[in-house]
Every structure is written in C-alpha cells, then in structure tokens.
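A short write-up of the structure that comes next.
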Amino acid sequence: MSLALERLAGELAGAAGAAVELERPSDPKHGDFATNVALRLAPERRRTPRELATELKDAAERIAGVERVEVAGPGFLNLFLEPSWYGEALAEMLVAGRDFGAGSREHPERVQVELVSANPTGPLTVGSGRNAAYGDSLARLLSFAGNEVEREYYVNDCGTQIDLFRASVEARQRGEEPPEGGYLGDYVFEIARDEGDPVRSMIESIGQTLERFRVQIDNWALQSEMEKRLPALLEKLDTYTADGALYIRSTALEDEKDRVLVRSPERGGTPTYEAADLAYLADKLERGFERAIYVLGADHHGVREWFRVAARLLGDEPDKVEVILYQLVHILEGGRTKKMSKRRGDIVLLDELIELIGLDAARWYLVSRGPDQTIELDIELAAEHSQKNPVYYVQYAHARISSILAKAGELEAGADPPSELSEEEKGLLKRLIEFPGLVAEATARRAPQAIPTYAIRLADDFHRFYHHRRVIGSSAQGFRLGLCQATRSTIARCLDLIGVEAPERM
RNA sequence: GCGCCUGUAGCUCAGCGGAAGAGCGGCGGCCUUCUAAGCCGCGGGUCGGGGGUUCGAAUCCCUCCAGGCGCGCCA
C-alpha cells in the first residue's frame, strides 16, 4: 500500500478496533476508496453491518483528508477524500521517485531462481522463452521487493541425450545421418561446422539468446560438476540395492515411490537425474539460499513433490524449496496444434519469435499470460497482431509523458493540489496509489502477469488525463507536472519489471 | 485408473471472497492546442453444467462434462 493509503487504513483501523483493508471501487459513485470492515466485523460484534458502518462513518469523517463517508449496500463504507489528501499521496511518490512501490526488508531473503535450464541439445524454443520471461520477471519482482536474488541455469551437460547430441553432430561432420533417435534439426549442421565442443557452443548460443531476451544469468550450474559430489552424498543417504540398481528409501518421507539413484550395471550403472537433483539441491542449500525457486514446465509436474522430499532427505526444510509450474506453449498452425519435437528439429525458436514480433512484444506476450494458462500461440496471428500489442500502448504513454516533461524544461513540478480535482486527475492518482500494493501482491502470489495488466490500466488513465487536461500552461501546471513525473516513473518501473524498454520517443 | 492445470464477450486473455473487465475484431464520431501508436461513444457475457458454504461466489468446497499435461532403471 502507498503510505497515504496505509495511514488512512491505520486511522480507520483505530476507529474500528480491527484491521481495515481499503480497496478501490470500480464505480466512482462508490467513493474514492471503500472498505468492507463493517461487513466482516458484524458477526463477532453481534451487530448488523449497517449499524456498525453508521457508527464508523462518524469516526471516519473526523479523519484528516476525509471529505465525507457514505454507508452503502449491505454495509460498505465509501470514502470520499479531499484534494489535500491526494496532494500528500503525490508528494510521497515524488520523494520516492524511481523507488516508488519498492519493498524494504529488514532481513532480505537470499533467493535463488532457477530458470530455463533447457538441455543444451538445441536452441531455446518459445516454451523456454515463456520460462525465461516468467522466471526473470519473478526475479525482478523479488529483487524490487527487497530480496537478494540470483538467477541460475542448470545445464544438463551429460547423460543419454547429450551423448546422442554429440553423436548426431559427429555423424553430420562425417556427412552421415544422425543415429537412431538422434537430433535432426538444421542447427546440428551449423554446430558441426565448428571446431570446438558442440555442447559448449550450444550453451554459449543459449546464453546469447537469453542475453538478447534481457535475461542475465548469474550462475551456470553444470550437472557434470554436481555428479562429482555423488559418492560422498550417497554414503549419507538411506539407500538399498534391488535388481542391481541403487534406490533411495524416499517413501519413508512420504514420497510416492522409492527412486532409483544409480542404474543397474546392465543399464550402464550411471546416476539418474534424481541423483543429480539431490546433489544439486545439496549444493544450493550449502550456498546459503534461504529459498530455492524452480521454474518448470507443466510436463515436469511429477517432480514437484520430489524436490520437497529431496530437501527433507538432505535434512533440510521442504519449505525452502518452491516449485513453480507453468503450462506449456502450444503452437497453432492453420488452427491446429502442431506437435513439436526438439529431436526432430520441428520447433519454433525463441529467436524466431523475437524476430517475428519484436523483443518487447515477445517479452510482454509471454509474461502477460498467467503461468497456469496454456498458451495457444498462432504464429501467423501473432505476427499480424504484433503492431497492436498492448506493450506499445503502454510505451506510448511513457513517450508522451517524456515529451511533455522535455517541453516543460525547467518549469517546476510539485504536489500542491488545485482546490478541486478533475475525475481524470483523481483516476490517475488513484491508479498510482494502487501500485505498491499491486507489486507486493504480485510478488507474494508469484504472479508477474499482474504487472502488464496494471500497466495497461495506468496507461489508460494517463491517456485519458492527457486528452482531457492540458498540463503546460494550465492553472494546475505544477501539480499536473508532478503527476506526469510520478506516472512516468511508475510506467518505467512496470516495464522494467517485465524486461521491456521504456522509450522516450516513439 | 491416479495426479496437476484449464474452461469468463466473436477471438486471445486478465480478474481468483465484496458492486463483471481489457486487448483484438465490428459500427459511429474527434487532429490550427504538450506525440491520433491517442481520445469519445455504440454493440456484445446463463463467468462450462449442477449442488453446497457465505450477508455476499467468476473467485472457496463437492460433483459431472470437455480439453491440456504427467504418472519409466526417459531426460
């Protein structure tokens, strides 16, 4: 909540003797802000909600900045506020500047966000793009909320698929077809032309794509490194041998099944993914992360419980592990779902999507859907609609404000409100006041998609304000310039949180 | 069979206990004034069906229907 709103809620809470939540009614006739506190308190106070609301109304009307209060409907309190209250709210925003809405934590949490972690057997697909857009935005939110955040990419640089990938590249180098089940994509030819290690160059190329997508990976963790820890780790775990394979007794901690950690000799005697998972998690926890967030596609949902069990197997808290699943991206072609396969090379790449619709539109598009929603991406439709992407609507608002502020030059911006506020000014300010609460909620709910939604509303409120109210040369010039400044930095912040540029000109 | 996710406007989707929304598409208006990538108006919805909890349910619970994804000594 913004400070002004927090103060108002606090004073109301004092009057009510209970916590008060203020929300912005969608209909302006229902006040500038409203609370349901009387509705919630009525049962325990053994009063009717309207009685209680009527009592609170008198107390509320004595609060500074409150113009009048109405009791409405079943017992809502609708508050109408004075311009001076809005002036204070704006003043706080101007003082906060770029940090408006930032969280502060006395003890910041050390959080690791593990994201993408796609096998380095091919370039990143749009599915990985969704992971990157989501994971990176979540990391930005967590950091803005005042935590210490690190982004990590876990590289599966060994194992069956990697062997197949190398074999495929080598086959191409000899001018042969890849082996049975090998990688058939065109990029294999390109990798085959290089001298160096194909896996290494694939990792580099993935890193370049991510950088282009404005995702900065702080650390790359190698599966091969993690597996070196296994012998020592296995000794400490409760394991047994069956059919020649080494199992961990994870059912003792309510896992759905005991997991194989090392395959039987007939199957190569190699460690499984689960074994590497354990070693990797042990490594994360030793590095002192208080929270390890895994961003995984829904096709991995079977491992969600496993990671929590893994924490317990290592003698640590399962709550330190947080698995976020996002649903898959389906590619539609001619209205039908296309089956993608990285091995067949039958995929839509993140680089291709960026090329097709633009970087900002791609990031916006991929993060604006909630993670629980399957994305049906019609690539032709996306190309057709790319110029109409809402991202440009928001960026346009930012550019417009920049233009006004540039023209205003040295003219003074302030927060002294005019004697009466127009609906457009009030609407815009109320939207800005929502921002800190919105950010806090989006962070807590791990819901970065709330940011683009809010940004559209904010841009909407600004465009309306712009159209109806002249800034430079008006009698409320200083106040309106202040409003412009606060709006611009908030839009810029929103765009930054989802990795999108905030242009000065368009 | 079991588990997870989804079903909201013609299309793509937000909203996830407090008074139904956006973008795109359709129709009609608005540029001698700080960017028309904009603004204003119109049309458009049994929030998958049915029960329940609640003063109040798109939102929580149960159930049914439809779709997606999983359930390997695969990765």
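Below, each value reflects all heavy atoms present in this structure, side chains not excepted, and no hydrogens, waters or symmetry copies.
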Output row for RNA chain B, stems defined as at least 3 consecutive Watson-Crick or G-U pairs under 3.5 Å, is B:1-7 with B:65-71, B:10-13 with B:21-24, B:26-30 with B:38-42, B:48-52 with B:60-64
Scan for side chain to side chain donor-acceptor pair (under 3.5 Å) pairs involving residues 436-449 of chain A, sequence neighbours excluded, and state none if there are none.
-> A:Glu322-A:Arg446, A:Glu441-A:Arg445
Taking only residues at least two apart or on different chains, which pairs with a member in residues 385-394 of chain A satisfy side chain to side chain donor-acceptor pair (under 3.5 Å)?
-> A:Tyr393-A:Asp460
In terms of heavy-atom contacts, does CG of A:Asp416 have more than 12 from other residues, nucleotides or ligands at under 6.0 Å?
-> no
Might you confirm whether atom CD of A:Glu412 has over 12 heavy atoms from other residues, nucleotides or ligands at distances under 6.0 Å?
-> no
Quantified in whole Å, what is the [atom1] atom distance between nucleotide [N] and nucleotide [M]?
| N | M | atom1 | answer |
| --- | --- | --- | --- |
| B:G43 | B:A36 | P | 28 Å |
| B:G50 | B:C69 | P | 28 Å |
| B:C5 | B:A9 | C1' | 23 Å |
| B:C74 | B:A14 | P | 37 Å |
| B:U6 | B:G48 | C1' | 11 Å |
| B:G10 | B:G45 | C1' | 12 Å |
| B:G38 | B:U33 | C1' | 15 Å |
| B:C24 | B:A37 | C1' | 15 Å |

Just to be sure I understand the rule, does [X] reach a base, reach only the sugar-phosphate, or reach nothing, if contact means heavy atoms closer than 4.0 Å?
| X | value |
| --- | --- |
| A:Glu424 | nothing |
| A:Glu256 | nothing |
| A:His385 | sugar-phosphate |
| A:Ile472 | base |
| A:Arg469 | base |
| A:Gly370 | sugar-phosphate |
| A:Arg464 | sugar-phosphate |

Those residues that, when tested against A:Tyr183, pass ring pair (Phe, Tyr, Trp, His ring centres under 6.0 Å) (two or more places apart) | A:Phe165
Please list, chain by chain and in numerical order, all residues satisfying ring pair (Phe, Tyr, Trp, His ring centres under 6.0 Å) with A:Tyr326, sequence neighbours excluded.
-> none
Not counting sequence neighbours, which residues clear side-chain hydrogen bond (donor to acceptor under 3.5 Å, both in side chains) with A:Ser224? List them please.
-> A:Asp157
A:Ser250 meets the side-chain hydrogen bond (donor to acceptor under 3.5 Å, both in side chains) criterion, sequence neighbours left out, with A:Asp255
Under 5.5 Å and under 30°: A:His467 stacked on B:G38 = no
Using the side-chain heavy atoms of [X], tell me which of these nucleotides is nearest: [options].
| X | options | answer |
| --- | --- | --- |
| A:Ala72 | B:G38, B:A19, B:C16 | B:A19 |
| A:Met506 | B:U33, B:G18, B:A37 | B:A37 |
| A:Arg470 | B:C40, B:U33, B:C69 | B:U33 |

Using the glycosidic torsion, which applies to B:C47: syn (within 90° of 0) or anti (everything else)?
-> anti
Between the main-chain N or O of [Y] and the side-chain N or O of [X], is there a donor-acceptor pair closer than 3.5 Å?
| X | Y | result |
| --- | --- | --- |
| A:Thr239 | A:Ile248 | no |
| A:Asp461 | A:Leu428 | no |
| A:Ser474 | A:Gln477 | yes |

Polar atom pairs (N or O), protein with nucleotides 20-22 of chain B, under 3.5 Å:
none

Could you walk me through whether A:Glu254 and A:Arg312 pass the salt bridge (Lys or Arg N to Asp or Glu O under 4.0 Å) check?
-> CA-CA 10 Å; A:Glu254 290 134 40; A:Arg312 294 174 66 195; 3.8 Å; yes
Residue pair A:Gln395 / A:Asp360, side-chain donor-acceptor N/O under 3.5 Å | yes
Distance-only donor-acceptor check, side chains A:Asn78 and A:Glu70, under 3.5 Å = no
Taking salt bridge (Lys or Arg N to Asp or Glu O under 4.0 Å) as the test, write out the residues that go with A:Glu114, two or more places apart.
-> A:Lys284
Determine, for A:Arg457 against A:Glu434, whether the closest basic-nitrogen to carboxylate-oxygen distance falls under 4.0 angstrom.
-> no
Ion pair present between A:Arg308 and A:Asp319, side-chain N to carboxylate O less than 4.0 angstrom?
-> yes
Quick check on [N]: is either OP1 or OP2 less than 4.0 Å from any side-chain nitrogen or oxygen of [X]?
| X | N | result |
| --- | --- | --- |
| A:Tyr466 | B:A36 | yes |
| A:Arg445 | B:C16 | yes |
| A:Lys388 | B:U12 | no |
| A:Gln387 | B:C24 | no |

Enumerate all atom pairs, one protein N or O and one N or O from nucleotides 55-58 of chain B, separated by less than 3.5 Å.
none

Hey, does A:Leu349 have a side-chain heavy atom less than 4.5 Å from the side chain of A:Ile354?
-> no
Please write out each protein N/O paired with an N/O of nucleotides 72-75 of chain B under 3.5 Å, distance rounded to 0.1 Å.
| residue | atom | partner | partner atom | Å |
| --- | --- | --- | --- | --- |
| B:C73 | O2' | A:Arg267 | NE | 3.4 |
| B:C73 | O2' | A:Arg267 | NH1 | 3.0 |
| B:C73 | O2 | A:Ser264 | N | 2.8 |
| B:C73 | O2 | A:Ser264 | OG | 3.0 |
| B:C73 | N3 | A:Ser264 | OG | 2.8 |
| B:C73 | N4 | A:Asp243 | O | 2.8 |
| B:C74 | OP1 | A:Arg267 | NH1 | 3.4 |
| B:C74 | OP2 | A:Arg263 | NE | 2.5 |
| B:A75 | OP1 | A:Thr160 | OG1 | 2.5 |
| B:A75 | OP1 | A:Arg263 | NH2 | 3.0 |
| B:A75 | OP2 | A:Arg263 | NH2 | 2.1 |
| B:A75 | O3' | A:Tyr273 | OH | 3.2 |
| B:A75 | O2' | A:Asn119 | ND2 | 2.8 |

With RNA chain B as reference, determine whether A:Asn78 or A:Val471 sits nearer its 5' end, using the nearest nucleotide of each.
-> A:Asn78
Filtered N/O pairs between nucleotides 1-11 of chain B and protein, under 3.5 Å:
| residue | atom | partner | partner atom | Å |
| --- | --- | --- | --- | --- |
| B:G3 | N2 | A:His301 | NE2 | 2.1 |
| B:G3 | N3 | A:His301 | NE2 | 3.4 |
| B:C5 | O2' | A:Gln327 | NE2 | 3.4 |
| B:C5 | O2' | A:Asp372 | O | 2.6 |
| B:U6 | O2' | A:Gln373 | OE1 | 3.4 |

Atom CG of A:Leu366 to atom P of B:U12: distance rounded to whole Å?
-> 17 Å
Value for CZ (A:Arg488) from CD (A:Glu504), rounded to nearest 0.5 Å, stands at 5.5 Å
